[in-house]
Amino acid sequence: MRLQDKYKELQSTSVALLATNFYNFETLEGVLQAAVRCNSPIILQLTRSSIDYLGLPLALQMARTAIDYHGLKAWVHLDHGDSYELAAQCLDAGFDSVMIDASEKPFRENIKTTKKVVALASKYGACVEAELGYVAKLGQSTEKEGFTMPEEAGRFVDETGVDALAVAIGTSHGFYKKEPRLDLERLSRIREVTNAALVLHGGSGVPHATLRDAISRGICKINLATEIKNIFMKTLKAKLENESEIDLRKVFPDAIDAVTSLVMEKLNVVNNK
Ligand code: 13P
């Protein structure tokens, strides 16, 4: 099933998809083990940095082979594609879905760029996600406000034909200094004026009750990255501090398992369990 069709199926339910970033074989395996144990579909995301690190064909084929090996329903998605060219490369390589993030550009320019990617993706039958509003990226100010305006969201989706829309309602990427307070009323208003699948970026550190509320108001996809990196590296560091093992096949499994436990928890939330 195409991701855009899965989103449509989810629109009227209280279930969403979890979209997890992966960085290497170990984080990929940790995430997929969780999907296997929860018998859940999942989205695997790659950013430009991860693609640069792994190499595009290897990153994609590693994900595809692992998905098939585990017998899972999963989609490969480009997270925060920052140019038409990168989106085009990923579509050509066989990604199921790409995000074109022109959210820092003026409204008209965001529409223009997104529209171009939507036109290209339709040739591949692929799904497109865009972003409207300001969701602070790592290192950017979390003070600056730029919530998605419902009327603009409606126009944006109508004009671009995008399948999924990331909204700015109070989340940001990375660790939160204090518990995030989401503007869920705004989310409901955005839902009323658009039928695109709504996406919540910055899922790490958002209380589970808030995630559930956001899903019930129309969020179809929740992105998770920071908590995966954090638990993986913390577990690995603790392991290395206590022993001098150099067989890396004995060193990584604890960190993989920690990712699995974390992702299982999140999958239970998005699957309304
Ligand atoms: P976190 O790193 O805050 O989980 O956000 C992930 C994300 O939104 C990726 O696009």
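As the structure lists them, so they are numbered: ligands from 1, and atoms in each ligand from 1. These figures come from a predicted structure and were not determined experimentally.
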What I want to know is whether H201 and ligand 1 share at least one N or O pair that is separated by under 3.5 angstrom.
yes
What protein heavy atom sits nearest atom 8 (O) of ligand 1, and how far off is it?
G202 N, 2.8 Å
If we only count heavy atoms from C-beta on, is the L44 to L32 side-chain gap below 4.5 Å?
yes
Out of K137, H173, E227, E129, who gets a non-hydrogen atom closest to atom 7 (C) of ligand 1?
H173
Give the numbers and elements of all ligand 1 atoms closer than 4.0 Å to a heavy atom of S204.
1 (P), 3 (O), 4 (O)
Under 4.0 Å between a side-chain nitrogen and a carboxylate oxygen: does that hold for E241 and K237?
no
Any luck finding a side-chain donor-acceptor pair between N24 and T27 under 3.5 Å?
yes
Is K221 salt-bridged to E129, cutoff N-O under 4.0 Å?
yes
Just to be sure I read this right, does ligand 1 sit under 4.0 Å from the backbone of D79, its side chain, both, or neither, counting only heavy atoms?
side chain
Return the residue, atom name and 0.1 Å-rounded distance of the protein heavy atom closest to atom 2 (O) of ligand 1.
T226 OG1, 2.5 Å
dist E152:CD -> I111:CD1 (nearest 0.5 Å) comes out at 8.0 Å
Just need the protein heavy atom nearest to atom 3 (O) of ligand 1, so name the residue and atom and give the distance.
G174 N, 3.1 Å
Salt bridge check: are K137 and D101 linked by an N-O gap of less than 4.0 Å?
yes
Under a 3.5 Å cutoff, is there a donor and acceptor pairing between the side chains of E85 and Q89?
no
Return yes or no for this condition: an N or O of L224 is under 3.5 Å from an N or O of ligand 1.
no
Show me which atoms of ligand 1 lie under 4.0 Å from any heavy atom of H80.
10 (O)
So is there a nitrogen or oxygen of N21 less than 3.5 Å from a nitrogen or oxygen in ligand 1?
no
